[in-house]
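Okay, structure first, notes after.
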Amino acid sequence: MKSKVYESFDAAVADIADGSTIMFSGFAGPGTPRNLIAALLAQGASGLTVISNTPGSWGDGPIDLKALIDAGRVRRVVAAFTAATHPSMRRAFDELYEAGEIEAELVPQGTLAERIRAGGAGIGAFYTPTGVGTETAEGKEVRSFEGRDYVLELPLRADYAMLRAHRADEMGNLQYVHTQRNFGPIMARAARTTLAELDGPVAAAGEIDPNQVHTPGIFVDRMVVVPADGIQEGARGG
Amino acid sequence: MKSKVYESFDAAVADIADGSTIMFSGFAGPGTPRNLIAALLAQGASGLTVISNTPGSWGDGPIDLKALIDAGRVRRVVAAFTAATHPSMRRAFDELYEAGEIEAELVPQGTLAERIRAGGAGIGAFYTPTGVGTETAEGKEVRSFEGRDYVLELPLRADYAMLRAHRADEMGNLQYVHTQRNFGPIMARAARTTLAELDGPVAAAGEIDPNQVHTPGIFVDRMVVVPADGIQEGARGG
Amino acid sequence: MASAEVLSRQAMANRIAMEFEDGWVVNLGIGMPTLCSNFVHPERQILYQSENGLVNYGPLAVEGEEDFNLVNAGGQYVIPLPGMAVLDHADAFALIRAGYVDVSVLGAYEVAANGDFANWKLGGRKGGGIGGAMDLAVGARNVFVMMEHTTRDGAPRLLERCALPITAPGVVTLVATTLGLFEVTSEGFVLREIAPGYSPDEVQAATGAKLIVPQDLREFQQGHSP
Amino acid sequence: MASAEVLSRQAMANRIAMEFEDGWVVNLGIGMPTLCSNFVHPERQILYQSENGLVNYGPLAVEGEEDFNLVNAGGQYVIPLPGMAVLDHADAFALIRAGYVDVSVLGAYEVAANGDFANWKLGGRKGGGIGGAMDLAVGARNVFVMMEHTTRDGAPRLLERCALPITAPGVVTLVATTLGLFEVTSEGFVLREIAPGYSPDEVQAATGAKLIVPQDLREFQQGHSP
């Protein structure tokens with residue numbers, strides 16, 4: 001079986017085509033695949049659809065989705081935030097979005113997670129109570145089950161998922177640490193090709209307890225170990 | 001906060017009323033809450049609706065759901081098997097079911113798992129491709145998404161879930177070992193009250209790595225440690 | 001009104017936290033609501049849940065001792081408590097929708113007399129920031145709101161009907177503002193407790209909905225932070 | 001026909017297993033299909049998946065060395081392989097429905113020329129045993145069937161249309177029986193390989209659907225178990 005370990009981030013992202021749909025893990029920093037994003041920025045793919053909790057951070061943190069957006073590589077965003085909750089926090093995204101130069105779909109965060117989960121679970125659609133009676137349910141089917149209203153939501157899938165994990169074995173089995181986990185496990189299942197950047201070196205098969213695998217290797221295609229001089233979590237992202 | 005540790009199986013099941021709906025974990029043995037079932041049999045509750053992979057084993061194994069069915073305590077079964085695949089394998093259940101003395105709903109196993117998962121995830125209903133074009137989809141809504149047909153399925157919830165786990169801490173956080181896990185995590189979330197029997201003693205809070213909790217304690221209400229002379233996995237069940 | 005002073009954020013947070021019962025699973029929204037965890041009731045164990053996948057996490061991490069992979073939903077570094085559990089995002093919201101969160105404390109721009117509230121989109125803006133608020137609003141067994149009583153311009157935030165796009169209809173049951181504690185009932189807002197030095201008329205004047213003032217109106221209960 | 005002998009179960013299993021490609025995720029149904037794992041292709045790594053929550057599990061456990069909490073979907077004790085992963089039941093079926101299983105090998109009562117198959121309910125019975133078959137049938141990228149060519153009474157199992165309630169419509173692409181290897185095409189069954197000593201006419205006589213016999217019909221390829 002072909003090794004899943006790539007020597008460089010550049011090699012791992014080399015084949016990503018213009019117009020790809022990519023899911024990015026990460027929540028307020030932890031789990032953000034910053035080194036993969038940096039490589040993708042250098043690689044040059046454009047016209048991307050990105051699926052992520054936010055369209056990047058608001059502050060001055062290490063590289064994240066905002067870098068791709070600022071560089072004009074993103075055509076469409078699916079996220080739980082298309083504006084900060086405070087009007088003083090504005091990014092390039094906000095300007096582009098208000099000017100109509102970038103498309104965006106605003107999705108409640110739990111619905112975002114569940115749609116990604118459904119995409120990796122072969123579910124055709126599902127009914128959630130979230131958003132009923134609000135703007136986010138406009139134009140969507142609302143249906144009652146056992147006396148409660150639910151809105152119909154569709155699965156999300158992607159060409160690629162990018163995530164950061166803590167530990168891996170050569171089969172591609174992943175472990176995350178604390179809230180680094182967030183969208184990683186569900187995005188890995190919803191994407192055709194999953195790229196993981198890793199805090200530490202790749203262990204031999206058998207070194208991770210089978211009961212403690214967070215993302216089985218069958219969902220992981222490419223792994224790159226973040227070198228000591230790579231981008232590490234710690235400086236704040238959004 | 002009240003302790004979740006019960007001194008006896010009898011105490012843990014004492015309040016279960018006639019007519020309750022109970023989910024039972026277990027697949028081909030591992031994960032089956034045999035000691036809780038034995039206590040429930042002695043306790044006497046009847047008219048039960050049971051949700052489980054099978055309505056008990058076919059062979060002569062240690063106690064499982066078949067004991068409750070044989071004793072006439074079960075009114076309705078929701079399971080992925082309402083007959084063995086081989087006609088020579090017959091149980092009391094088969095006789096009762098064919099005689100119309102017990103109700104049963106036959107559900108494909110993945111749909112059973114997904115319905116239980118939906119019940120513990122606040123999902124109103126979902127569309128699955130499984131069963132389309134077969135007897136199990138008869139009378140159900142079939143709908144096409146992106147050119148593929150799916151059948152609408154409803155969540156399953158229960159008054160109680162019973163499961164077996166390997167290790168626990170006093171917060172109720174559970175770990176399972178190998179295929180003992182099966183339905184445990186999803187049933188614990190879909191039931192109002194979850195009862196767990198445990199292979200080993202209850203550890204202090206903090207002794208289980210938070211990254212390695214399979215079922216968080218907020219889903220677990222009552223735990224009983226299986227004593228050395230209790231019913232252990234090993235002899236085969238169905 | 002010389003002696004009247006609006007309630008501090010911590011006083012509001014303490015008052016809300018006094019409602020938390022032993023063993024409750026509590027989700028605190030970004031900003032003001034996070035102050036609730038500073039209030040510690042010695043006889044009650046509270047389990048704080050965060051929608052980015054934590055159950056039973058602890059207080060803010062001291063600077064220099066942060067685990068950079070351990071943040072709450074507000075992106076603040078927190079410390080683990082013994083018995084903490086980590087979930088992925090789908091499971092974290094599954095438990096929210098399934099009703100395992102006993103209370104969600106949220107900030108808001110507006111709360112209406114029918115229990116609607118708005119906290120994700122400002123007027124005239126194209127984008128919005130929903131985050132986990134809509135899931136918490138429909139999933140949590142109780143939804144409590146903490147907010148300034150009026151906008152910076154003095155406009156009321158407690159209204160007959162929300163003017164902004166709502167986060168969820170009819171879910172809020174308790175609101176702590178800088179002027180008091182308000183229960184949302186089928187009859188509308190009931191002023192349960194009032195900031196010291198204020199009169200019900202003064203509070204009514206700053207409010208965009210009719211207030212019910214009960215006979216047993218009390219002064220705002222001041223919880224104390226340990 | 002003196003030298004003709006029906007294919008053994010292991011021969012059928014070996015032939016099916018020869019189709020597995022390097023890196024494939026393979027799910028083996030209860031009974032006959034489990035024999036596929038006895039065939040080991042030295043240059044191909046196969047990952048066996050079991051719908052009760054295992055990925056990359058190993059061979060049957062030797063008696064006396066069983067882990068009583070480690071069974072495959074057939075309830076047999078198996079051993080872990082290095083790099084195994086355990087999932088709960090919902091996640092195990094999620095991956096099946098999402099198309100991560102490259103092939104599901106299932107037993108069947110009947111297979112039809114249109115790719116339908118039946119394996120969960122016998123005629124005249126009230127109950128049935130679906131297990132994971134319906135999910136695997138619609139979720140796996142390939143569905144292969146292994147079965148006796150005829151029933152104990154000599155009735156054909158390869159049919160124009162299934163008589164029994166089907167497990168899934170139009171999914172089977174390859175069938176190994178005791179008499180040969182059959183591809184299911186849009187034209188119907190193509191007899192690709194035939195058991196040694198049998199003639200196409202003899203196979204057709206035992207079959208309930210029209211067989212297409214191609215010019216390049218081969219003798220059944222005998223894989224050998226290591």
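Chain letters run A, B, ... following the sequence lines, proteins first, then strands; residues in each count from 1. As a basis for the values below, the full set of heavy atoms in this structure was taken, side chains included, without hydrogen atoms, waters or symmetry mates. All of these numbers come straight from a predicted model, not from anything done at the bench.
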Heavy-atom distance under 4.5 Å to chain C: side chain of A:Arg148, backbone, both or neither?
side chain
Nearest-0.5 Å distance, CZ of residue C:Arg15 to CZ of residue C:Phe144:
9.5 Å
Looking only at heavy atoms and a cut-off of under 4.5 Å, which of A:Thr136, A:Asp199, A:Val107 has the most pairs with chain C?
A:Thr136
Looking only at A:Pro185, A:Ala113, A:Gly110, A:Pro129, the option with the highest number of non-hydrogen pairs under 4.5 Å against chain C is A:Gly110
Check whether C:Leu54 gets within reach of chain A through its side chain, its backbone, both or neither, counting any heavy atom under 4.5 Å.
side chain
A:Glu114 versus chain C, heavy atoms under 4.5 Å apart: side chain, backbone, both or neither?
side chain
What do you reckon, are the aromatic ring centroids of C:Phe182 and C:His149 less than 6.0 Å apart?
yes
Which atoms of C:Ala133 come close to chain A, meaning under 4.5 Å heavy atom to heavy atom: side chain ones, backbone ones, both, or neither?
neither
Using heavy-atom distances under 4.5 Å, tell me whether C:Ala168 contacts chain A through its side chain, its backbone, both, or neither.
backbone
Assess the side chains of A:Ser25 and C:His89: does a donor N or O sit below 3.5 Å from an acceptor N or O?
no
Can you tell me which portion of C:Ser50 sits under 4.5 Å from chain A's heavy atoms? Options are side chain, backbone, both or neither.
neither
Looking at C:Ala90, C:Gly127, C:Gly170, which has the largest count of heavy-atom pairs under 4.5 Å with chain A?
C:Gly127
Residue selection (most heavy-atom pairs with chain A, distance under 4.5 Å) from C:Ala92, C:Ala73, C:Gly31, C:Gly53:
C:Ala73
Ring centroid separation for C:Phe68 and C:Tyr77, is it under 6.0 angstrom?
yes
Residue C:Ile96 versus chain A: region with a heavy atom under 4.5 Å
neither
Side-chain donor-acceptor pair present, A:Thr21, A:Tyr160, cut-off under 3.5 Å:
no
Checking C:Gln49 against C:Tyr100: is there a side-chain donor and acceptor pair closer than 3.5 Å?
no
Can you say whether C:Asn72 sits under 4.5 Å from chain A via the side chain, the backbone, both, or neither, judging by heavy atoms?
backbone
For chain A, find which of C:Pro80, C:Pro169, C:Gly128 contributes the most heavy-atom pairs closer than 4.5 angstrom.
C:Gly128
Could you check whether A:Thr32 and A:Asp64, counting side-chain N and O atoms only, form a donor-acceptor pair closer than 3.5 Å?
no
Most contact-rich option vs chain C, by heavy-atom pairs under 4.5 angstrom, among A:Pro108, A:Gly131, A:Gly184, A:Gly31, is A:Pro108
Supply the atom-to-atom distance A:His214 NE2 to C:Leu87 CG, rounded to the nearest 0.5 angstrom.
10.0 Å
Would you check if there is a donor-acceptor pair between the side chains of C:Asn69 and A:Glu233 at a distance under 3.5 Å?
no
Do you know which of A:Ile116, A:Ile186, A:Leu112, A:Thr130 has the most heavy-atom pairs under 4.5 Å to chain C?
A:Thr130
State, yes or no, whether a side-chain contact exists between A:Tyr127 and A:Glu153 at a heavy-atom distance under 4.5 Å.
no
Looking at C:Gly132, C:Ala94, C:Gly131, C:Ala118, which one has more heavy-atom pairs under 4.5 Å with chain A than the rest?
C:Gly131
